[in-house]
Amino acid sequence: MPLVTCNYEARRRGLHKLQLITEAKKICPDVIIVLGEELGRFRDASKLLYKYLESFTSSGKVERLGFDEVWMDVTDMVDWNQGLLNTHDLTNSFFHLNKNDPTIGFSYDATTIAGHSFPNTITRDDPTNTPLPSQFSDPKDDLSTRLILGSHIAQYLRLGLEENQGYTSTVGISTNKLLSKLVGNLNKPKGQTTLLPPYTDSPDSLPNPEVEATNNVQLFLDPHEIGKIPGIGCKISQKLRNHILSRPAAFSTGLIYGPTEDPISVHDVRTSPSLNPAFLESLLSGPGSHRGTGLKIWNLVHGIDDSEVQQVKKVPTQISIEDSYIRLNTLSEVRKELTALTTTLLKRMHIDLLTDNAWLAHPKTIRLSTRPRPPLGADGTRTRSFTRISRSAPLPSYVFTLKDDVDSIAEKLVTSTLIPMFKYLHPQPSGWDLSLMNVAVTNMVEVSTEKGRDIKSLFSRKREWDVVDRDVPPDDVEEMEDVVDSVQHNVSHSLQPDTETENPVELRQQGSEDLILPLSQNSEEGWDDDGEEEVEGREGCVVCGAMIPRFAMDAHGRWHVMEG
DNA sequence: AAGCTATAG
DNA sequence: ATTTCTATAGCTT
């Protein structure tokens, strides 16, 4: 069995992710192995840190990636402070954190980058290094000034994180998400790195393809293995390697850890003949590829990333719980595990979607995914496959009840919804073995907080919803095209009003919350039908969660409207 | 709406 | 980060 992950101290002693435990024990006999995981505390810490950072922004542009990474768009802060600089005394500058209160902020030296830099010319952390390039003392050099400001706000936030929250951190500072994430890797742990200008080749260098780029973006990016670029995963990087090599690239056959195959660098890709967005688009097209992938990849190898730092989201798009199993091949075991998963899921829903005993959002859909263990081949070897299969169904609204305890709701959900979904997914009563099960709720519909107006629309008549439904074509959703830079440009922020998730959609679900499964799947296959999919005569009120007979729901809704 | 792929930590 | 346990975006049907 491998180490799924390990801390920095373990890495310092020579251990790494996905290393065999036996191997790890040889290298480091006193290694402490923790079996299983308990993600709750990580989730809590993540939220806390996230909120802390958010409190410094006015834009709310703080985007989380996993539990422990975050992008922060500090363009506003940089704009403001750049305008306040006193060019005659840059060494004694004051960084303002609040537009209304000029006393809030910190002192800094606006002639120097804080922390490390790429290329490594730098200053504070390493005083033996050569002085900064001359453009750094020139406040008219817009990008240089802005990166200096970015480096100081980063340092301030890092120190605050450590002093106030007790966490050390690593930061990268640049003009977009791609570059800031990658440059942050250079000084781990607890270091910060700024990608220095120039970001473009000087205008007097000839536009000659023979001449190599001299700008720092390309100097920094070019040596990276293509698969190390965020957004270029194993599928795309393998296709790119195959193309550059004109043969199938060696794929890592190592059972546990295949660090490198046929390494191909960003430089190799970027300078490959006839490499343009249209060519990449056709090279990378195929199942699972997105429209515009060609341009996106071309942009990435040129250091261009126009993706916006996302704003804080009040509710997650999905909550899912999963577990993996050595052996799971009987329905009673499945039922037991589903109940455990569902109980955890409901608790997570309470934590993430419930504030002051009121639901922030109602997920409309429940999904059950499994990963069947592939059967043994003729030679006794297993063809490893990690593909999942899934079924979705409307989420019954009784899960939003706050009166019943979580365990009884979980039991009801398992019996009436998840077990039938499972039988749909696995029509044979036996002969399967699952290595994983996942239960997820998705399709969040935010519950507006303006009670009266909201409740009225929640209980408006069904005919209106049908009209709305027909009048709105399914592909009506606007695509957001925002431009963000971390410190360089002004943000062009075009928030589209979120009009597509109106309450009528949610209410339409009310009448169809029972699981609907194709009859052929249900009756022709081997499961005994034990009448688990009973039709409920009542349904949960979307406002208070109470179970109300269907015929009385309208009146119940009018009561809510009057209560306000 | 449902099912799946690709990518991320 | 291909073995775990999540999460998001966007494709096809």
Side-chain angles (χ1 to χ4, degrees), chain A residues 1-6 16-21 34-40 42-43 46 63-71 177-178 181 185 227-239 251-259 261 284-293 296-297 300 307 310 313 315-326 341 344-345 348 352 364-371 373 382-395 421 424-425 435-444 469 474-475 477 479-480 505 508-509 512 516-518:
Chain A
M1 293 295 275
L3 302 174
V4 171
T5 191
C6 58
H16 55 80
K17 293 174 180 176
L18 297 184
Q19 186 169 40
L20 282 172
I21 287 179
V34 179
L35 294 176
E37 81 294 315
E38 205 282 281
L39 295 179
F42 286 101
R43 205 162 357 241
S46 178
E63 179 181 348
R64 189 153 52 143
L65 183 61
F67 285 164
D68 64 348
E69 283 191 38
V70 65
W71 280 289
K177 285 164 64 174
L178 166 74
K181 177 169 165 57
N185 291 333
K228 290 285 194 326
I229 304 304
I232 303 182
C234 57
K235 301 288 180 180
I236 290 176
S237 59
Q238 201 63 7
K239 281 182 181 176
F251 64 127
S252 54
T253 69
L255 193 66
I256 291 300
Y257 193 66
E261 309 76 39
L284 303 175
S285 68
S289 67
H290 299 162
R291 198 166 37 244
T293 297
K296 195 187 124 188
I297 301 303
L300 289 180
S307 64
Q310 301 287 119
K313 286 197 202 87
V315 296
T317 14
Q318 156 187 324
I319 302 172
S320 74
I321 303 291
E322 70 186 35
D323 208 346
S324 53
Y325 307 94
I326 305 289
L341 289 173
T344 313
L345 180 64
R348 276 288 307 285
D352 291 351
K364 288 193 302 180
T365 307
I366 183 166
R367 184 179 63 226
L368 172 65
S369 310
T370 66
R371 188 178 65 194
R373 203 184 302 283
R382 243 182 243 287
T383 48
R384 288 193 300 162
S385 149
F386 305 103
T387 44
R388 298 168 177 214
I389 50 178
S390 67
R391 292 294 177 265
S392 308
L395 179 67
M421 289 169 79
Y424 181 22
L425 211 44
S435 60
L436 176 139
M437 286 203 300
N438 174 302
V439 183
V441 288
T442 64
N443 233 330
M444 300 288 174
D469 191 34
D475 56 348
V477 183
E479 193 163 315
M480 267 201 251
V505 179
R508 209 155 27 77
Q509 283 302 121
S512 62
I516 298 166
L517 302 174

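Note that the structure is predicted; figures quoted are calculated from it, not measured. Lettering of chains follows the sequences in order, A, B, ..., and the numbering in each one begins at 1.
A side-chain N or O of R64(A) and one of S46(A) form a donor-acceptor pair less than 3.5 Å apart.
If you take CZ of F42(A) and C1' of dG9(B), they are 12 Å apart, rounded to a whole angstrom. At whole-Å resolution of the value, CD1 in I232(A) and P in dA1(C) are 16 Å apart. The CD-C1' distance, from Q238(A) to dT5(B), rounds to 17 Å in whole Å. The separation between E322(A) atom CD and dT8(C) atom P is 14 Å, rounded to whole Å. Q318(A) places its CD atom 18 Å from the P atom of dA8(B), with the value rounded to the nearest Å. In this structure, N185(A) places its CG atom 11 Å from P of dA1(C), rounding to the nearest Å. The interatomic distance linking R367(A) (CZ) with dG3(B) (C1') rounds to 9 Å, in whole Å. For the pair I229(A) CD1 and dA8(B) C1', the interatomic distance rounds to 14 Å; values are reported in whole Å.
When the nucleotides dT7(B), dA7(C), dA8(B) are ranked by their closest atom to the side chain of P230(A), dA8(B) comes out on top. Closest to the side chain of T317(A), out of dA9(C), dT8(C), dG3(B), is dT8(C). For R43(A), the listed nucleotide lying nearest its side chain is dT6(C); candidates were dT6(C), dA8(B), dA9(C). Checking dG3(B), dA1(B), dA7(C) against the side-chain heavy atoms of Y424(A) singles out dG3(B) as nearest. Of the candidate nucleotides dT4(C), dG3(B), dT8(C), dG3(B) has the atom lying nearest to any side-chain atom of S390(A). Considering only the side chain of D68(A), dG9(B) comes nearest among dG9(B), dA8(B), dT8(C).
As judged by a 4.0 angstrom heavy-atom cut-off over every strand, R64(A) is placed among residues making no nucleic acid contact. Residue L436(A) is classed as having no contact, given no heavy-atom separation below 4.0 Å to the nucleic acid. The residue L345(A) sits apart from the nucleic acid: no heavy atom pair falls under 4.0 Å. Within the nucleic acid shown, N438(A) has no heavy atom closer than 4.0 Å to any nucleic acid atom. Across all strands, E69(A) comes closer than 4.0 Å only to sugar-phosphate atoms, never to a base (heavy-atom distances).
For K313(A) and C234(A), each mapped to the nucleotide of DNA chain C holding its nearest heavy atom, the one lying further toward the 5' end belongs to C234(A).
Applying the side chain to side chain contact (heavy atoms under 4.5 Å, CB included) criterion to T317(A), with sequence neighbours excluded, gives no partner residue. Under the salt bridge (Lys or Arg N to Asp or Glu O under 4.0 Å) criterion, K296(A) pairs with no residue at all, not counting sequence neighbours.
Under the side-chain contact (heavy atoms from CB on, under 4.5 Å) rule, S320(A) has a single partner from V439(A), N438(A), L345(A), which is N438(A).
OP1 or OP2 of dC5(C) lies within a sub-4.0 Å distance of a side-chain N or O belonging to S324(A). Side-chain N/O atoms of S320(A) include none lying less than 4.0 angstrom from OP1 or OP2 on dT6(C). The side chain of S392(A) places an N or O atom within less than 4.0 Å of a non-bridging phosphate oxygen (OP1 or OP2) of dG3(B). In this structure, R391(A) reaches the dG3(B) phosphate: one of its side-chain N or O atoms is under 4.0 Å from OP1 or OP2. Side-chain nitrogen and oxygen atoms of R348(A) include at least one within less than 4.0 Å of the OP1 or OP2 phosphate oxygen of dA7(C). Close to dA8(B), at under 4.0 Å from its OP1 or OP2, lies no side-chain N or O of K181(A). For T387(A), no side-chain nitrogen or oxygen approaches OP1 or OP2 of dT5(B) to under 4.0 Å.
Salt-bridge formation is detected for the pair R388(A)/E322(A): a Lys NZ or Arg NE/NH1/NH2 atom is positioned less than 4.0 Å from an Asp or Glu carboxylate oxygen.
In this structure, the side chain of S435(A) engages the main chain of R371(A) through a donor-acceptor pair within 3.5 Å.
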Task: N185(A)/K228(A) under side chain to side chain contact (heavy atoms under 4.5 Å, CB included): CA gap, chis, key distance, verdict - done: CA-CA 11 Å; N185(A) 291 333; K228(A) 290 285 194 326; over 6 Å; no

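For the C1' atoms, the distance from dT4(C) to dG3(B) is 23 Å, rounded to whole Å.
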